[in-house]
Each structure stands twice: as structure tokens, then as C-alpha cells.
Amino acid sequence: MPKGHGEPLLPFANWFWDELGKRAGRLNRASKGEVKITIPPLESDALDFVLRLTSFWADEVYVSKAGIISENLWRRPVVNVLDDDALDGGERALTSKNKVGSVDRFVMPLLGPGRAFFRVRMVEKDESAARFHSHSDVDEYYLILAGKGTLRYDGMETEVKPGDLIGKPAGPEAATQLIADRGERLRILDMEMWHQRARDSKDIIVNPDFKEIIMSGQGWAAIIPEESLITPEDFWYHYDEGYRRTKDGRWVPSKNRGHRRVRET
């Protein structure tokens, strides 16, 4: 069982979910009514996670070992975002603390895979939940569960308090940051809605304070200095001419396949 973050579990959770969907489901007429899954010996937190996923598909879930069948081990599709004490094995495994003491509790994929990715964030005083950032392919929402703090939203700042629900849909690519600067800890439910499966889409993240752009997603892993961006007009004006772009944003003439004309200096 990966410790501290839900993302490493997503490939397995997606695969397992798809396989269960082929064999189970109330309206699945191809289902034989009973699905048997052979698994290796698992630690208790890993077994709890598998039972959680399986319980979405069946009201009765049993484990058979050495010929002995357990009682019904169906798990509730419930995570309490306010109680940090009564955590089961899977919830404890997906809880992490950073160097300054702030804590993340990942509730996905404990509540199933899909396009949503939720976590509970406990932010220590004078710390922030994340960098000042925006997404290109993620609708993100924050629910303040406890504490007061400051929301940075592009060039504006406003106080937030328990019960406030903050919207950050993709499109405007608004940069946000939540800071616990009002003398108390912040407790936040951070809710990401991805356009494909969670953490699978290609997403461009902009960090204005750091003047950098992050390309994230399958096949992407790069940082681009924000000041290296140029307008697209040059691209379209010289679209049918051969040239090669340099690191500083300039260009040099080049003979490119499929382009008879070479851009002149």
C-alpha cells in the first residue's frame, strides 16, 4: 500500500474498477451473480482498500482463506472529513505530514476512481495549502471546514471562514492560494474534477509567484520559464516557412521537410 498519497494507487484502482465492471453490476446481464477474485496475501490497510473498491459493486463481500470464509466484510462508501481519529487502515495509510506540520488526508481513490480527486488539508498557521497556482484542465473547488484564512484569487484577496465554498473552474485559469494567516489552522476539503480520469489528463499548471509553467500528465513532465513565452502571431505569420526556434525565443533559418521556403533573417 503506497503511503501518504492517493495518486500511486490510481492505476491499480482504475484497472480493478474496469475489471469489476465487466463481471458485476445490478444491470449487468453478463454477470454470473458471483465474482471470485484471487489475491496475494495483503497487509490489513491494502486489504481494506481492495474491500472498499469491491463493496461499490456488491452488497456482500467475503474473504476465503485456508477454506475459512469470513463474515460479510462490506465497507461503507463513507469517509468522515472532520474526524482524524477513527480512521481505518486505508485512511491512515493515505495520510501524510509535510516538514512544517501541515497534513494531507487523501480520500481518493478510497471513494472510488473516476474524474474526482479529493483530499482533506490541515494547514498550519502562517502556511499555505499550495502554491499560488492555476490549472488548464482541472475544475477545482475548496470547502473551508474549520478556521479562518485568506484566499488569494488572481489579484484579489478576501477572508474565508468555515462553510465557504470556493470555485475555481478551468477556463479563466484563475490562480488561487489559501493561507492560514488569521492566527489559526485551516481545514480544507480540496476537490479536483478532471476532464478525464483523475491525474490522467494533460494539465498546464501556472505558478505566477515563481514565474514558471509546469506541463503535467502522461507523457508530460517539464517546467517552462514564464518569461520565455511569446505571442502566437509569429507562429502563424511564418507557418509555411522553415526555421528553428532557439532557447531564448529567437529563431534561426532552417530547411524543414515539407517547407520549400526558408524564413529569411
Side-chain angles (χ1 to χ4, degrees), residues 1-28 30-32 34-65 70 72-81 83-84 86-97 103-121 130 135 137-143 170 188-203 205 216-221:
M1 185 77 171
K3 306 298 182 184
H5 201 298
E7 185 171 357
L9 278 172
L10 287 173
F12 167 78
N14 289 330
W15 168 81
F16 190 55
W17 193 263
D18 291 343
E19 292 301 314
L20 286 172
K22 297 174 185 177
R23 296 165 174 79
R26 188 171 63 86
L27 300 180
N28 187 351
S31 173
K32 297 180 180 180
E34 181 179 283
V35 178
K36 292 185 178 180
I37 305 167
T38 302
I39 59 175
L42 298 175
E43 295 180 4
S44 60
D45 54 359
L47 178 60
D48 178 77
F49 175 66
V50 172
L51 291 172
R52 272 183 174 271
L53 292 185
T54 308
S55 296
F56 284 99
W57 292 92
D59 295 337
E60 298 180 37
V61 182
Y62 303 93
V63 173
S64 175
K65 185 177 181 180
S70 70
N72 187 2
L73 298 177
W74 180 85
R75 295 289 196 264
R76 300 191 309 155
V78 176
V79 168
N80 192 305
V81 298
D83 188 352
D84 298 327
L87 305 182
D88 61 28
E91 291 177 278
R92 286 193 299 272
L94 296 183
T95 300
S96 65
K97 180 182 292 188
V103 176
D104 278 348
R105 272 183 53 200
F106 291 87
V107 300
M108 296 302 191
L110 292 171
L111 296 182
R115 294 189 298 113
F117 194 77
F118 295 178
R119 76 184 97 181
V120 179
R121 315 199 83 161
H135 291 278
D137 202 57
V138 182
D139 299 317
E140 194 164 16
Y141 303 88
Y142 309 97
L143 177 61
I188 305 161
L189 179 60
D190 182 354
M191 300 169 282
E192 298 176 355
M193 295 299 299
W194 292 70
H195 291 188
Q196 299 178 35
R197 277 182 158 165
R199 301 283 168 143
D200 195 38
S201 308
K202 289 186 173 180
D203 182 34
I205 305 165
S216 175
Q218 290 194 2
W220 278 10

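The minimum heavy-atom distance between Leu20 and Thr54, with the atom names listed, is CD1-CA, 4.1 Å. The heavy-atom pair separating Ala116 from Ala198 by the smallest distance is O-CB, 3.7 Å. Of all non-hydrogen atoms in Ile205 and His135, the two that sit nearest each other are CG1-ND1, 3.7 Å. Minimum heavy-atom separation, Pro77 to Phe56: CB-CE2, 3.6 Å. What you find for Ala24 and Val35 is that their closest heavy atoms are CB-CG2, 4.3 Å. Of all the heavy atoms in Gly6 and Pro109, the pair that sits closest is O-CD, 3.5 Å.
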Inset, instruction - Assess whether salt bridge (charged side-chain N to carboxylate O under 4.0 Å, His left out) is satisfied between Asp84 and Arg105, documenting all intermediate values. - result: CA-CA 9 Å; Asp84 298 327; Arg105 272 183 53 200; 2.9 Å; yes

Inset, instruction - Just do the side-chain contact (heavy atoms from CB on, under 4.5 Å) check on Asp139 and Met191 with the steps written out, would you? - result: CA-CA 8 Å; Asp139 299 317; Met191 300 169 282; over 6 Å; no

Inset, instruction - Step by step, work out the side-chain contact (heavy atoms from CB on, under 4.5 Å) result for Gln196 and Lys202. - result: CA-CA 9 Å; Gln196 299 178 35; Lys202 289 186 173 180; over 6 Å; no

Inset, instruction - Test side-chain contact (heavy atoms from CB on, under 4.5 Å) on Leu9 and Leu110 and set out the steps. - result: CA-CA 9 Å; Leu9 278 172; Leu110 292 171; 6.0 Å; no

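Ionic pairing of Arg197 and Asp18 is present here: one or more N-O contacts between side-chain nitrogen and carboxylate oxygen are shorter than 4.0 angstrom. Between Arg52 and Glu91 there is a salt bridge, with a side-chain nitrogen of the basic residue lying less than 4.0 Å from a carboxylate oxygen of the acidic one.
Here the side chains of Lys36 and Thr38 are not in contact, with every heavy-atom distance at 4.5 Å or above. Taking the side chain as every heavy atom from C-beta outward, Phe117 and Val138 never approach each other to under 4.5 Å. Looking at Phe49 and Phe12, their side chains come closer than 4.5 Å, going by heavy atoms from C-beta outward. Proximity of Val81 to Leu143: side-chain heavy atoms (C-beta onward) are nowhere separated by under 4.5 Å.
Remark: Lys97 NZ is loosely packed, at most 12 non-hydrogen atoms of other residues, nucleotides or ligands lying under 6.0 Å away. Under a cut-off of 6.0 angstrom, the local environment of CG in Asp83 is crowded, with over 12 non-hydrogen atoms contributed by other residues, nucleotides or ligands. The environment of CD in Glu19 is crowded: more than 12 heavy-atom neighbours from other residues, nucleotides or ligands sit within 6.0 Å.
Checked by atom type and distance alone, the side chain of Arg75 pairs as donor or acceptor with a backbone atom of Leu73 at under 3.5 Å. Between the side chain of Arg119 and the backbone N or O of Asp190, no donor-acceptor pair lies under 3.5 Å. Proximity of a side-chain donor or acceptor of Asn72 to a complementary backbone N or O of Asp59 within less than 3.5 Å is detected. With Ser70 contributing its side chain and Val63 its backbone, the two residues share a donor-acceptor pair below 3.5 Å. A donor-acceptor contact shorter than 3.5 Å is absent between the side chain of Ser216 and the backbone of Asp203.
Taking the ring-ring contact (aromatic ring centres under 6.0 Å, His included) definition, one finds that Trp194 meets it with nothing, sequence neighbours left out. Remark: Arg115 engages no residue in a salt bridge (Lys or Arg N to Asp or Glu O under 4.0 Å) (not counting sequence neighbours).
Here CH2 of Trp17 is found 15.0 Å from NZ of Lys22. Values are rounded to the nearest 0.5 Å.
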